[in-house]
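Right, one structure below, let's go through it.
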Amino acid sequence: MKIYPHNKENIKRAAEIICRGGLVAFPTETVYGLGANALDAVAAARIFKAKKRPFFDPLISHIADIAMLREIVSSPSDTAVKLAEAFWPGPLTLVLPKTEKLPGIVTSGLDTAAVRMPAHPVAIELIQRAGVPVAAPSANLFGALSPTLPEHVAESLGEEIDMILDGGRCSVGVESTIIKIEEDRLILLRPGGLPLEEIEKISGKKIEKPDKSTLIAPGMLPYHYAPEKPLRILASSEDMDFSDSETAFLLFKKPKKALPKSPMPSIEILSPSGDLTEAAANFFSVLHRINKSPAKRIFAEDIPREGLGIALADRLHKAAKKYKDLWKN
Ligand code: TXA
Ligand code: MG
């Protein structure tokens, strides 16, 4: 097993692996990342190979301080600095013009870099010790569920990587919000762990949806984040028949009607009280559990599109889209 507790010695060892061009999975507040030296093109290429990720899907570079930002991003605008000061470390990724120093493989040949400073002490210490920005996508196979526990990483990528640093359960539980800054405009590339309202409040700007001329970020591909079983979304749990033992039920909150006693079919509740922060933190681990259950299909209750619910509904609807032709009505 390659899961190592996050003590000083193991973080030092992980930093050495990064500096030698290896791959380390490490915790962040959103999901586990699969890290390599962002300034080393060969190391970054290993990430794509391990994840079976297409080279057209660019990586996020993780930094520990603003000096590292200046290494890979050229003259960030006032709006970028304002957002970085307000929300870093935290679940916000900014897409900004890149410098020559960042290899093209990391950005899939784009002239912009995606950057964030993660709010996890283990991630920050690892990046600081390595002394380089760390390129890291989520530590799962391309298109599969994101990992929020070290065991999720071990199950999907254990053979491909050098080390997994254990930082416990990810507190936010969904990937970062990605905002592209063009001059002074803010363009949403992916809803995520930082609610859009907060970004609009601090920046004083309305976040725009990308238009057709904006390059579509692969995180926006319709079939992302898919569990291995067909998933269908129902407006509410009222319409679900919990006695169906072949179906796993993914509920946002505790249903009004009584839950069946034994034998318990697979019923997972993201947050009994309907709290979106709690639901986000549980989201991927619940889907991993359903993946492993004997259920043949998943019926999911829709999630309200407000605050963090925008990111959760985005992932749920993308998962459902993959299977939409299976359902006749
Ligand atoms: O929370 C997170 O963001 C996690 C943790 C590990 O930090 N990382 C993550 O990375 O979700 P990943 O690879 O799963 O998603 C990165 C996405 C790409 O799919 C793409 O949509 C966008 O970031 N991206 C990266 N560079 C970009 C660029 N230059 N322009 C537009 N989009 C970019
Ligand atoms: Mg991912």
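Start at 1 and go down the list; that is how both ligands and their atoms are numbered.
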Using 30° and 60° as the class limits, which term best fits the ring planes of His62 and Phe26: parallel, tilted or perpendicular?
perpendicular

Looking only at distances, can you tell me whether any N or O atom of [X], backbone or side chain, sits closer than 3.5 Å to an N or O atom of ligand 1?
X	value
Tyr32	no
Glu175	no
Thr93	no
Thr107	no
Lys51	no

I want to confirm something. Looking only at heavy atoms, which of Ser138, Pro210, Ala25, Ala113 is nearest to atom 14 (O) of ligand 1?
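Heavy atom nearest to atom 14 (O) of ligand 1 belongs to Ser138.
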
Considering Pro97, Pro147, Gly192, Ser176, which one's heavy-atom position lies nearest to atom 3 (O) of ligand 1?
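It is Ser176 whose heavy atom sits nearest to atom 3 (O) of ligand 1.
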
Hey, are Ser138 and Glu175 close enough side-chain-wise for a donor-acceptor pair under 3.5 Å?
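There is no such pair between these side chains.
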
Check: Arg289/Ser266 side-chain N/O donor and acceptor closer than 3.5 Å
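On atom types as modelled, these side chains do not qualify, holding no pair under 3.5 Å.
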
Min heavy-atom dist Arg116 to ligand 1 below 4.0 Å
yes

Sub-4.0 Å heavy-atom approach of Lys98 to ligand 1
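No, that is not the case, since the closest heavy atom of the residue is not under 4.0 Å from the ligand.
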
